[in-house]
Peer 1: 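Sharing a structure here in structure tokens format.
Predicted, not measured: the structure shown is a model, and the values here were computed from it. No hydrogens, no waters, no symmetry mates; every other heavy atom, side chains included, goes into these values. Numbered from 1 within each chain, the chains take letters A, B, ... in sequence-line order.
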Amino acid sequence: MITLKFPDGAERQYRAGITAAEVAADISKSLAKKAMVARLDGELVDLSAPIGADARLEIVTRDDPAALEIIRHDAAHVLAEAVQDLFPGTQVTIGPVIESGFYYDFARDEPFTPDDLEAIERRMQEIIRRDQPFTKEIWNRDAAKKHFAEKGETYKLELIDAIPKGEDVRIYRQGDWLDLCRGPHGPSTGRVGGAFKLTKLAGAYWRGDSRNPMLQRIYGTAFANDNDLKAYLTMLEEAERRDHRRLGREMDLFHFQEEAPGAVFWHPKGWTLFQELIGYMRRRQDAAGYHEVNSPDFMDKQLWEQSGHWEKFGENMFVTETPDERLYCCKPMNCPGHVQIFRNGLKSYRDLPLKIAEFGKVHRYEPSGALHGLLRVRHFTQDDAHIFCTEGQISEESARVNELILSIYRDFGFDDVAIKFSDRPEKRVGSDAVWDRAEQALKDACRDAGIEPELNPGEGAFYGPKLEYVLRDAIGRDWQCGTLQVDFNLPGRLGAFYIGADGEKHTPVMLHRAMFGSLERFAGILLENHAGHLPLWLAPVQIVVATITSEADNYARKVLATLQAAGLRAEIDLRNEKINYKVREHSLAKVPAIVVCGKREAEEGTVNIRRLGVREQCSAGLDEAVAGFVDEALPPDLRRARLSLAA
RNA sequence: GCCGGCUUAGCUCAGCAGGUAGAGCAGCGGUUUUGUAAACCGCGGGUCGGGGGUUCGAGUCCCUCAGCCGGCACCA
């Protein structure tokens with residue numbers, strides 16, 4: 001007999017070899033019905049697995065979050081069976097669960113079409129209706145290889161070979177169909193239920209390597225019940241509504257066009273937002289001791305060869321040939337230019353750390369398939385800076401950068417920030433010894449600053465290791481923005497030096513850092529994060545003064561003049577339209593506040609304020625209203641400055 | 001860059017199986033002077049992404065290029 005301990009603390013005795021399914025049935029009929037898998041001493045196992053010894057046992061029902069992965073994994077198997085049913089000769093490869101559902105990669109010469117997806121979905125429903133049990137089998141390695149070889153499943157053969165020696169080759173069977181799989185699975189195909197949907201079709205490289213053949217990936221999602229599925233689909237629609245590309249058009253911020261792929265045409269309103277961001281960053285940087293500069297957009301190719309960019313980054317660079325037959329590179333980074341500024345004039349150790357900042361527009365020839373609105377462009381503005389310092393100053397300067405970045409993100413409401421540590425990539429300049437020192441210096445800096453970054457192996461810049469700051473937005477998506485890189489290579493390559501206390505020449509270390517990263521991307525992230533409802537200080541148009549009747553026109557003009565004189569970005573709408581129409585239009589344009597002026601307001605010298613998304617209005621005297629807006633429109637850093645002044 | 005899809009008026013989208021382009025909104029002209037998310041009437045507006053081909057005839061079929069969308073790979 002064995003003793004099983006349940007989550008509520010109860011214990012029961014059973015014969016050895018009993019299965020979790022049998023235990024569930026013993027406890028209650030309804031539990032048996034809802035059971036998907038079992039958690040045995042914390043590990044998920046099939047309900048049908050025999051239990052041989054004392055253990056903690058928990059029956060995982062389909063409402064349990066852990067069951068969702070099982071449902072999705074089961075759905076992936078059902079998908080694979082459906083596909084092989086409908087399209088004989090298609091090879092199956094892998095079909096894992098992912099955050100939003102699952103996918104399965106297939107190898108087939110003919111492409112799948114969106115219509116195929118519907119047919120596959122219908123076949124999946126049939127398989128689910130047949131309710132075939134999932135059964136686990138342990139196969140002899142050679143037998144498994146023979147089986148898949150006979151079926152022409154070459155990818156599965158590769159997968160079997162990748163299973164470590166000594167580990168079982170596990171096969172899961174559902175009816176006549178079977179798949180190599182680690183498991184666990186639910187009791188039967190019927191338990192997948194009806195709340196699933198195939199969502200998209202895509203190409204994907206075998207094993208994620210672009211040198212490998214491309215497979216066809218079918219994405220799907222599945223949930224425990226219809227409501228959850230519906231909620232998920234609604235969430236997707238919501239994400240589409242906040243797509244910055246759509247908001248950019250609706251709010252008249254920017255556009256793209258064919259002649260300039262990956263390049264933004266900023267409209268007046270979008271540029272206002274952009275400048276507001278730069279203004280904020282400039283104030284924060286100035287306060288932190290940075291000196292702003294401007295370096296050339298084009299420099300001779302020779303300089304980029306010297307820096308190593310030509311060799312390591314050349315395929316991403318725009319190059320131009322001039323009538324005098326010189327080759328100039330359009331800068332993909334600002335660092336070489338900043339080194340030139342550092343080099344100009346003799347520097348002393350007393351000048352260090354020297355912080356050079358630039359809102360530099362960089363140009364990178366990104367692969368066409370990577371372009372995506374403002375979030376991935378070929379021409380973007382970095383809030384870039386380089387800190388020239390001694391090796392001994394790295395730690396303190398890194399800590400300062402870290403503090404500044406986090407403080408800035410907080411000002412924009414991003415509190416959830418992940419930090420990643422990227423070490424030496426394959427394609428790099430500099431000796432291993434130098435990389436050892438650079439990586440160690442950055443690690444030490446992390447330790448001193450109390451940062452515990454997640455390791456991101458092989459993802460460093462070609463000249464040095466880096467920290468990457470990834471922020472999470474309002475709907476849970478991650479965006480890489482800031483970066484801090486330790487560079488022992490470029491200053492030396494480009495001949496930068498300073499005179500030390502010993503009177504000798506020394507090569508400085510250079511810290512590269514960006515906080516927004518790309519201004520374009522950051523603007524896009526902000527738009528999506530706020531669904532276009534920007535806080536007042538960032539809104540391109542902060543207030544629209546809208547009249548109800550032409551009798552109030554003169555008063556409205558006075559209100560506008562007062563708002564503008566107070567430094568607010570206000571516009572006026574005197575059109576011969578109903579107030580309903582004006583409210584709707586400016587609300588759709590995401591204007592934070594509409595100041596309505598009718599006959600009543602004109603007579604009383606008041607304004608009626610309607611805030612974006614709020615039905616209720618409030619009335620206030622003009623001066624009081626202006627003061628309120630002025631206060632609210634203060635950027636967060638200036639607000640802090642005012643508070644500390646008052647204190 | 002790779003796989004698949006898409007590209008029709010400023011925007012959103014119709015256009016069935018090849019027969020010579022249509023709606024709503026926006027715009028323009030009137031009427032209406034209006035109280036918090038679309039007043040009414042009328043009028044214009046398109047080399048159907050570019051190029052080539054098949055055909056008596058192509059928005060519709062084929063080829064090709066570009067851009068965009070979704071993934072993959074790459075990445076701020």
Peer 1: Determine the interplanar angle of the A:Y232 and A:F223 rings, folded into 0 to 90°, and report it as parallel if under 30°, tilted if 30 to 60°, perpendicular if over 60°.
Peer 2: tilted
Peer 1: Categorize A:E585 for me: base, sugar-phosphate, or nothing, with a 4.0 angstrom heavy-atom threshold over every strand shown.
Peer 2: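 No contact.
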Peer 1: Reckon A:L588 touches a base, only the sugar-phosphate, or nothing at all at heavy-atom distances under 4.0 Å?
Peer 2: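 Here A:L588 touches the bases of the nucleic acid.
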Peer 1: Looking only at atom C1', what distance separates B:G22 and B:G45, rounded to whole Å?
Peer 2: 13 Å
Peer 1: Does a side-chain N or O of A:R249 approach OP1 or OP2 of B:A26 to a distance below 4.0 Å, or not?
Peer 2: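 Checking A:R249 against B:A26: no side-chain N or O falls below 4.0 Å of OP1 or OP2.
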Peer 1: If you check every side-chain atom of A:Y581, which of B:A26, B:C68, B:G35 has the closest atom?
Peer 2: B:A26
Peer 1: In terms of relative ring orientation, are A:Y463 and A:H512 parallel, tilted or perpendicular, with 30° and 60° separating the classes?
Peer 2: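 A:Y463 vs A:H512 ring planes: parallel.
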Peer 1: Where along nucleotides 71-76 of chain B does protein come under 4.0 Å, by heavy atom, of base (B) or sugar-phosphate alone (S), with - for untouched nucleotides?
Peer 2: BBBBBB
Peer 1: Establish, from distance only, whether the side-chain atoms of A:Y155 and A:D105 form a donor-acceptor pair under 3.5 Å.
Peer 2: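 No donor-acceptor contact under 3.5 Å links the two side chains.
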Peer 1: Could you tell me whether A:Q285 atom CD has more than 12 heavy atoms of other residues or ligands within 6.0 Å of it?
Peer 2: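 Yes.
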Peer 1: In the strands shown, is B:U33 matched to any nucleotide by a Watson-Crick or G-U wobble pair with both distances under 3.5 Å, and which?
Peer 2: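 By the stated definition (distances under 3.5 Å), nothing pairs with B:U33.
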Peer 1: For a quick check of understanding: with a heavy-atom distance under 4.0 Å over all strands, which category does A:R513 fall into, base, sugar-phosphate or nothing?
Peer 2: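 Nothing: the residue A:R513, judged by heavy atoms under 4.0 Å, touches no strand.
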Peer 1: If I pick the P atom on B:G44 and the same atom on B:A38, what distance separates them, to the nearest angstrom?
Peer 2: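 Comparing P positions in B:A38 and B:G44 gives a spacing of 29 Å.
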Peer 1: Here's a test of your reading of the structure: between A:P261 and A:G598, which maps to the more 5' nucleotide of RNA chain B?
Peer 2: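 Per heavy-atom nearest nucleotide, the more 5' residue is A:G598.
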Peer 1: By the 4.0 Å heavy-atom rule, please label A:K582 as base, sugar-phosphate, or nothing.
Peer 2: nothing
Peer 1: Picking from B:A66, B:G35, B:G1, which would you name as closest to the side chain of A:E258?
Peer 2: B:A66
Peer 1: With both distances under 3.5 angstrom, what nucleotide forms a Watson-Crick or G-U wobble pair with B:A66?
Peer 2: B:U7
Peer 1: For the residue pair A:Y104 and A:F106, categorise the inter-ring angle as parallel (less than 30°), tilted (30 to 60°) or perpendicular (more than 60°).
Peer 2: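 The rings of A:Y104 and A:F106 lie parallel, inter-plane angle below 30°.
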Peer 1: Checking base pairs now: Watson-Crick or wobble, both atom distances under 3.5 Å. What partners B:C43?
Peer 2: B:G27
Peer 1: Could you tell me whether the side chain of A:S550 has a donor or acceptor atom within less than 3.5 Å of a complementary atom in the base of B:U33?
Peer 2: yes
Peer 1: Using Watson-Crick or G-U wobble geometry with both distances below 3.5 Å, tell me the partner of B:C48, or none.
Peer 2: none
Peer 1: Between B:G51 and B:C13, how far is it from one P atom to the other, in whole Å?
Peer 2: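 Between the two P atoms, the distance is 25 Å.
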Peer 1: On the 0 to 90° scale, with breaks at 30° and 60°, tag the A:F254-A:F256 ring pair as parallel, tilted or perpendicular.
Peer 2: perpendicular
Peer 1: When the P atoms of B:U8 and B:U60 are compared, how many Å lie between them, rounded to an integer?
Peer 2: 13 Å
Peer 1: So does A:N580 get a side-chain nitrogen or oxygen closer than 4.0 Å to the phosphate oxygens (OP1/OP2) of B:U36?
Peer 2: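 Looking at the OP1 and OP2 atoms of B:U36, neither is under 4.0 Å from any side-chain N or O of A:N580.
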Peer 1: Provide the distance between the two C1' atoms, one in B:C69 and one in B:G53, to the nearest whole Å.
Peer 2: 28 Å
Peer 1: Could you tell me how far B:G18 sits from B:G59 if I compare only their P atoms? Round to whole Å.
Peer 2: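 My reading of the P atoms in B:G59 and B:G18 gives 13 Å.
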Peer 1: Write down the partner of B:C72 under the Watson-Crick or G-U wobble criteria, each distance required to be under 3.5 Å.
Peer 2: B:G1
Peer 1: Taking CZ from A:R246 and C1' from B:C13, how many angstroms apart are they, rounded to a whole number?
Peer 2: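 Rounded to the whole Å, the gap is 14 Å.
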Peer 1: Starting the side chain at C-beta, find the nucleotide from B:A37, B:G1, B:A39 nearest to A:S368.
Peer 2: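 Among B:A37, B:G1, B:A39, the one nearest the side chain of A:S368 is B:G1.
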Peer 1: Hey, does the Lys NZ or Arg CZ of A:K427 hover above the aromatic six-ring of A:F462, less than 6.0 Å from the centre and inside 45° of the axis?
Peer 2: no
Peer 1: Does A:R615 offer a backbone N or O that forms a donor-acceptor pair with the side chain of A:Q617 under 3.5 Å?
Peer 2: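 Checked: pair present.
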Peer 1: Using whole Å, what does the distance between atom P of nucleotide B:G70 and atom CG of A:L215 come to?
Peer 2: 22 Å
Peer 1: Using both distances under 3.5 Å as the test, list the Watson-Crick or G-U wobble partner of B:C56, or none.
Peer 2: B:G19
Peer 1: A:F265 versus A:Q257: any side-chain heavy-atom pair under 4.5 Å?
Peer 2: yes
Peer 1: Return whichever of A:V596 or A:E259 has its heavy-atom-nearest nucleotide of RNA chain B closer to the 5' end.
Peer 2: A:V596
